Amino acid sequence: MSPQTTSVTVGIVGAGPAGLMLSHLLQRSGIDAINIDTRTREEIENTHRAGILEHGSVRMLTDTGVSDRVLRDGYEHEGIELRFAGTGHRIDFADLVGESVWLYPQTDVFIDLADARGRDGGDVRFGVTDTSVADLTTATPKIRFTDSAGIEHELHCRYVVGADGSRSMCRQELPDEQRTFLRREYPFAWFGILTEAPPSAPELIYAHSEHGFALISQRTDALQRMYFQCDPETDAASWSDEQIWAELAKRTAGDGFELKQGPITEKTVLRFRSSVCEPMRFGNMFLAGDAAHTVPPTGAKGLNLAMMDVKVLHEVLERAVKGNEPGALDEYTPRALARVWKAQHFSYWMTSMLHRMPDASEFDVRRQIGELQSVVDSRAGRTYLAEAYTGWPEQG
Ligand code: DHB
């Protein structure tokens, strides 16, 4: 049986936050789009990711009519604490740059976007199999897949977007000689937990210690998210709750700080990697979000970068489709990558300043403390961190 063919202006591989935000924005511009994803909606909802939104990402959700739930269920944070040598130092975003961030988990961003696509009649196919793309350098690039009922489909698109995550199938379609894929590995990972406990602090704590990094984050008044640096080969299940609490306490000790403990309901080890694919385009296919670049989690830039990619991509696609200005598409890679590389640096800087390298000497640890002290003692240093953390102005 031949596949069922459908013509669509933009075919999007991926229905995570990046893919769904793009189809939402395109629909508002009167441009039709279809999302497909190999995962089911439930699978995506149950993937725990980072929890911090830049003010620009919050505005994309609220101002474009996705949802204002972030303003009701999220928590606005006007600063973070950097903890080192047993003392906490507040970075006051509101005072330094007049901005804030929002604690609002990526799963909730996804739920809001998926609900908005449903509400607005968006065409989103979850749980598909056998996805492939073809004819990317022609005027009719195609996406092929089998839907969850077993029916084969072929989408005839004007443009294809690969928003299919860090293991992107779409990215593999860029011929090796036409792309560079730059990568950096780190000799550690994060051990992440969810715990049913009250918050230990009103804001996030990024802690440096001779024992390694720890991050005290939150979810709600009754559920907290915490991480600590670990060996990438760590088997999360083999750690007892007592061992985890002892490790977190050691790394955040000082100032009379006390961690509020509760039952640990999730234990996972998170991969750590920086990567950038350049260019973010091949013919009439464009990559967005993790498909094009990944950052280490320190500083929570991943989702925010994906949102900004999509904002630029929507704008150039709109100019190409509605304004008959196909040259606008050439702006996508340079505009998106300018921000990506700033975020690569910020995530790398936060990581290298706060984590302990496996072969670190006493000198290395003391030098890091000197670096942290330079940041917190200087208004310029604190302002740099605050600008990057809350999100640079667009194209700035
Ligand atoms: C969270 C994750 C991060 O990587 C970060 O920098 C801050 C918060 C989180 O999951 O809450």
Side-chain angles (χ1 to χ4, degrees), residues 17 45-55 57-58 70 73-83 90-91 93 100-111 166 186 188-208 212-230 236 244 248 251-252 259-260 264-274 289-290 293-307 343-355 372 375 385-391:
E45 273 181 30
N46 289 316
T47 310
H48 295 287
R49 304 290 288 271
I52 292 290
L53 293 183
E54 296 173 0
H55 51 90
S57 302
V58 171
V70 54
D73 294 354
Y75 298 80
E76 186 174 15
H77 285 197
E78 294 191 337
I80 56 165
E81 181 179 300
L82 285 183
R83 258 187 110 65
R90 183 157 189 264
I91 308 293
F93 301 153
S100 55
V101 296
W102 290 76
L103 181 83
Y104 192 64
Q106 178 164 331
T107 40
D108 287 291
V109 174
F110 168 75
I111 289 166
S166 59
Y186 298 82
F188 39 75
W190 275 9
F191 196 122
I193 65 160
L194 281 171
T195 176
E196 287 166 358
S200 293
E203 292 172 343
L204 270 60
I205 301 175
Y206 288 81
H208 170 278
F213 172 74
L215 169 59
I216 308 304
S217 183
Q218 300 138 8
R219 284 297 176 261
T220 65
D221 291 341
L223 188 69
Q224 311 309 319
R225 183 84 163 137
M226 301 180 190
Y227 305 94
F228 61 94
Q229 174 188 349
C230 68
I244 291 168
L248 284 164
R251 297 177 187 210
T252 52
L259 271 175
K260 302 230 171 31
I264 296 177
T265 56
E266 194 185 281
K267 305 174 185 177
T268 34
V269 172
L270 286 78
R271 290 189 330 147
F272 236 81
R273 168 182 291 173
S274 308
D290 281 0
H293 42 72
T294 58
V295 288
T298 330
K301 282 282 164 259
L303 174 60
N304 294 294
L305 276 183
M307 289 290 138
Q344 286 292 358
H345 170 65
F346 176 67
S347 307
Y348 169 90
W349 175 63
M350 288 283 279
T351 299
S352 66
M353 181 165 66
L354 290 162
H355 289 68
L372 285 156
V375 172
L385 198 158
E387 279 172 352
Y389 197 97
T390 59

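Model, not experiment: these values are computed from the prediction. Both ligands and their constituent atoms are indexed starting at 1 by order of listing.
Where the criterion is an N or O separation shorter than 3.5 Å, residue side chain and backbone included, Arg225 fails it with respect to ligand 1. Here's the thing with Leu215: none of its N/O atoms is less than 3.5 angstrom from an N/O atom of ligand 1. Considering backbone and side-chain atoms together, Ile52 places no N or O closer than 3.5 Å to any N or O of ligand 1. Looking at Thr298 next to ligand 1, no N or O pair under 3.5 Å apart turns up.
Closest to atom 4 (O) of ligand 1, if we only count protein heavy atoms, is Pro297 O, 2.6 Å. Remark: minimum distance from atom 11 (O) of ligand 1 to any protein heavy atom is reached at Ser217 OG, 2.5 Å. Of all protein heavy atoms, the one closest to atom 5 (C) of ligand 1 is Tyr206 OH, 3.2 Å.
With sequence neighbours left out, the ring pair (Phe, Tyr, Trp, His ring centres under 6.0 Å) criterion links Phe346 to no other residue.
For residues 192-206, every residue pair satisfying the salt bridge (charged side-chain N to carboxylate O under 4.0 Å, His left out) rule, not counting sequence neighbours, is listed here: Arg90-Glu203.
Salt bridge absent: Asp73 and Arg219 never bring a charged side-chain N and a carboxylate O closer than 4.0 Å.
At a heavy-atom distance under 4.0 Å, only side-chain atoms of Trp190, from C-beta outward, approach ligand 1. Under 4.0 Å from ligand 1, heavy atoms of Ala300 appear from its side chain as well as its backbone.
Not close to ligand 1: Met350, with no non-hydrogen atom less than 4.0 angstrom away.
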